[in-house]
Amino acid sequence: MKRKNILIPLICLLALSLSACTPAEEPGGTTSLPQSAVSQTAETSAPSSEAESGPAASSALPETSAAPSEPAAATASQTTSASQGPTPDTASLPASPAAEAPADEPSSAPATSAPAANRITVTLSVDCRTGVEEGYQAAIDAAEDGEILSATTIVAQEGTTAYDLLLRSGLEVEADTTIMGKYVLSIQGLGEKDCGPTSGWLYSVNGEFPGKPCSKYKLADGDVVCWRYTLQNGADLYQ
């Protein structure tokens with residue numbers, strides 16, 4: 001009896017220990033571990049969870065860290081480009097003013113059709129007073145008061161001759177060409193020998209008779225030219 005009394009408690013303790021060690025199945029097929037077994041699993045599985053979470057965390061980190069790296073590089077590149085300014089397209093740039101020929105640049109001096117040094121200003125007059133005063137009708141027909149052209153200022157090209165100036169007056173001029181040059185026969189219809197056998201046209205420059213063909217005498221700036229009709233080969237004009 002004493003042995004049975006001792007065995008029964010031992011069997012109960014053994015049964016209790018076995019029940020404690022054997023996991024009990026929970027509804028739904030899930031096995032619930034004893035509290036001590038769960039804590040041990042947590043302790044032993046902690047390193048593995050850390051190992052699993054470690055690569056996961058490290059694999060996630062490159063995605064989060066690598067993603068900003070490219071925009072960061074792009075941002076740095078854009079910042080550099082912005083600081084340096086846009087790169088100009090050489091094909092679309094306008095031509096530099098320095099590349100243009102200096103001749104295309106505007107000149108500070110006013111443009112003139114001809115230099116002032118090539119211009120002269122002269123005065124021209126034509127009269128037949130000697131014929132009018134003697135009552136010759138041919139002279140009166142040319143000009144009643146004897147003044148065919150009053151003193152007129154004309155701007156001419158340098159090198160203009162006394163004959164050229166007479167042609168520029170617009171008067172009716174008839175001339176003969178000789179080996180010496182031009183010889184004026186008539187002006188405004190009044191011709192040589194119309195008022196006597198020794199009548200005709202002579203010209204003077206600044207009050208003097210040059211004694212050379214009018215087409216050979218080149219005028220200077222400020223000259224005063226007079227064409228006058230003579231009745232006595234110029235003797236009546238020297239008085």
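One-based numbering along the sequence shown. Here the structure is a predicted model, which means the values were calculated and not measured.
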So if you build clusters from Ile, Leu, Val, Met, Phe, Trp, Tyr with side-chain heavy-atom gaps below 4.5 Å, do Val155 and Tyr163 land together?
no
Asp236 side chain vs Leu231 backbone, donor-acceptor pair below 3.5 Å:
yes
Among all residues two or more places apart in sequence or in another chain, which pass the side-chain hydrogen bond (donor to acceptor under 3.5 Å, both in side chains) test with Thr160?
none
Give me each pair satisfying salt bridge (charged side-chain N to carboxylate O under 4.0 Å, His left out) with a member in residues 207-223, each pair once, sequence neighbours excluded.
none
On a heavy-atom basis, the closest approach of Ala151 and Thr123 is CB-CG2, 3.9 Å
Would you tabulate the side-chain donor-acceptor contacts of residues 131-143 under 3.5 Å, counting partners in other chains and residues two or more places apart, or write 'none'?
residue : atom : partner : partner atom : Å
Tyr136  : OH   : Cys195  : O            : 3.4
Gln137  : NE2  : Asp141  : OD1          : 2.8

Pairs touching residues 143-156 that satisfy salt bridge (charged side-chain N to carboxylate O under 4.0 Å, His left out), sequence neighbours left out
Arg129-Glu147
Any heavy-atom pair between the side chains of Arg228 and Leu202 that's under 4.5 Å?
no
Contact between Thr130 and Leu237 at the side-chain level, heavy atoms closer than 4.5 Å - yes or no?
yes
Pairwise side chain to side chain donor-acceptor pair (under 3.5 Å) hits with a residue in residues 196-205, at least two apart
Ser199-Tyr229
Going by the rule side-chain contact (heavy atoms from CB on, under 4.5 Å), which residues pair with Leu149 if we only count those two or more places apart in sequence or in a different chain?
Leu124, Val126, Thr152, Ser169, Leu171
Does some side-chain heavy atom of Val122 sit less than 4.5 Å from a side-chain heavy atom of Thr153?
no
Return the minimal non-hydrogen interatomic distance between Met180 and Pro213, and the atom names on each side.
O-CG, 3.3 Å
Sequence neighbours left out, what pairs pass salt bridge (charged side-chain N to carboxylate O under 4.0 Å, His left out) with at least one residue falling in residues 171-196?
none
Under 4.5 Å side-chain heavy-atom separation, chaining through any Ile, Leu, Val, Met, Phe, Trp or Tyr, what else clusters with Val224? Say none if it is isolated.
none
Check Asp127, Leu165, Ile148, Val184 against Trp227 for a side chain to side chain contact (heavy atoms under 4.5 Å, CB included) and give me the one that passes.
Val184
Test of understanding: with salt bridge (charged side-chain N to carboxylate O under 4.0 Å, His left out), list the residues that count as partners of Asp164, not counting sequence neighbours.
none
Hey, are the side chains of Arg119 and Glu158 touching, using non-hydrogen atoms and a 4.5 Å cut-off?
no
Indicate yes or no: at least one non-hydrogen side-chain atom of Val225 is less than 4.5 angstrom from one of Leu219.
yes
Cluster companions of Leu185 among Ile, Leu, Val, Met, Phe, Trp, Tyr (side-chain spacing under 4.5 Å):
Tyr183
Going through the distances and angles, do Ile154 and Thr121 end up as a side chain to side chain contact (heavy atoms under 4.5 Å, CB included)?
CA-CA 6 Å; Ile154 299 175; Thr121 302; over 6 Å; no
